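Data block below; observations after.
Throughout, a chain's letter reflects where its sequence line sits, starting with A, and its residues are numbered from 1. Since the model is a prediction, treat every value here as computed from it, not as a measurement.
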Amino acid sequence: MIKAITGTKDILPSEIPNWYNLEDVVKNIMNSFNYKEIRTPIFEETRLFSRGIGEATDIVSKEMYTFIDRSETSVTLKPEMTASVVRALLEHSLDKQFQLNKLFYISPMFRQERPQAGRFRQFHQFGAEALGSTSPALDAEMIILAYQILKKLGLSNFVVKINSLGIPSSRENYKNLLKEYLVDKKQNLSEESQKRYETNILRLFDSKDERDQKIMENAPLLIEHLDDESLEHFDEVKQMLLAAGIPFEVDPKLVRGLDYYTHTTFELVSGSVGSQSALCGGGRYDLLVNQLGERDVPGIGFAAGIERILLAMENEKVITEIKPQIDFYIVRLEKELNKKVFEIATKLRENNSVEFDYTQRSVKAQMREANRLGAKNVLIIGGEEFERGTAVLKNMEDGSQEEILLSEIK
RNA sequence: GUGGGUGUAGCUCAGUUGGUUAGAGCGCCUGGUUGUGGCCCAGGAGGCCGUGGGUUCAAGUCCCAUCUCUCACCCCA
């Protein structure tokens, strides 16, 4: 039997109501913050991602679905959305049409990782990007937006973590400080962390290795070495979150993996899913657009994992069971009336959801089916009523029946 | 890429120290009288026991390989 590719999943009809529900909540809240939806192609030229996300990142170096197409172009299924949104912004000069672009998306993403709880090779994200302003109000807005969506979906077991990475110059100074601190401790770090000492020293903070954690316990923190401007920006964000009544914790060790982040970074972390607990992550990226297009457009955004959120909703038991329902089920007494049933159904379907039996089942079986489909009413066609030009209309909730004229059905 | 677990009907699972025609619950189908649901009752369909080798008189049960799914590491949504 041919099966779906490892790490991919079919979303079956029984699960679709949950997806609709989530998408509706996302669209409504995005709308109330005045974010406009954008849809970009599912694949792009590979160099968009390698340049935008960073060659050294795990995403680019080992997780992308990349292939050469028939015209010898290297293309990649999108592993995240920010680079694509920025590309679209530049390609269509949206940044010149509007000083501020507030955009959101709901889209599948692709990363070739080993699947596990809350992680798939094709997965779905919704997210937002605000391009064109350095205002800390947008940093706060992003976090509030994500927070409200999760709340609206019924989730409560999650925390908001924020941090600031400052600007590149203060970050470089800090990195040197950190290297100094580690210079005599380096050989005691885990093998993985020793590599990271060279490639991305900030990541040492989120190592799960106990030895590493012990060593990093007393390390200087970036947040204590920010320049004044960055500190002020971060303070304003915190104040706005406080004013909005959003509970959050500053996590100086929150270092996000993508190269393009500056200033604020944040995560919404769930306690209801497995070890892949980040439901939502994002941050400010004031330098990315310039990297991709030689124009200075500051931006901030976040992405949220839909499968993870649905998993959290399931575990927190906030998924509302939606029972199937249709308006009418048409039961046919004599099979000679199949054509008549079809005709009535077609007419009724102009304004109602209608189903009938396509096989030749007994009346009992048809009634059972009507019940199973959650039919509000059953229309019984046939017998002496049909001779009289009428049909029996049965209300399935209270079981009452009445006779109605066939000519009046609509 | 590395490590642990798993694989028996559509679904959730049981199958004793290897031993006759492989079971349950749910679901599905049919029926319980002439044209009627949900409850109940009766009957029925449905399984190369993941796949390929091996051990044995005999394997769902033991061994090897392989694949799948799954959890964790790495990293991330």
* Partner nucleotide, any strand, of B:G1 [Watson-Crick/G-U, under 3.5 Å] -> B:C73

* Think A:K185 forms a cation-pi with A:Y181, using NZ or CZ under 6.0 Å from the six-ring centre and within 45 degrees of its axis? -> yes

* For A:F120, report the nucleic acid contact type (base, sugar-phosphate, nothing); a contact means any heavy atom under 4.0 Å. => base

* Touch class at under 4.0 angstrom, heavy-atom based, for A:G274 against every strand present -> sugar-phosphate

Spacing between [X] atom [atom1] and [N] atom [atom2], to the nearest angstrom:
| X | N | atom1 | atom2 | answer |
| --- | --- | --- | --- | --- |
| A:Q116 | B:G4 | CD | C1' | 13 Å |
| A:F386 | B:U36 | CZ | P | 19 Å |
| A:L150 | B:A77 | CG | P | 15 Å |

* Take A:E45 and A:R51 through the test salt bridge (Lys or Arg N to Asp or Glu O under 4.0 Å) and record every step on the way to the result. => CA-CA 11 Å; A:E45 276 194 55; A:R51 211 188 292 169; over 6 Å; no

* Roughly how far apart, to the nearest Å, are B:G4 and B:U68 at atom C1'? -> 16 Å

Distances under 3.5 Å between nitrogen or oxygen atoms of protein and nucleotides 26-29 of chain B:
unit_1: B:C28; atom_1: OP1; unit_2: A:R372; atom_2: NH1; d: 2.3
unit_1: B:C29; atom_1: OP1; unit_2: A:R361; atom_2: NH2; d: 2.9
unit_1: B:C29; atom_1: OP1; unit_2: A:R372; atom_2: NH2; d: 3.3
unit_1: B:C29; atom_1: OP2; unit_2: A:R372; atom_2: NH1; d: 3.4

* Asked: What about A:Q366, does its side chain sit under 3.5 Å from the base of B:U36 through a donor-acceptor pair?
  -> no

* Are the aromatic rings of A:Y65 and A:F67 close, with centres under 6.0 Å apart? -> no

* Any idea which heavy atoms bring A:I381 and A:I344 closest together, and the distance? -> CD1-CD1, 3.6 Å

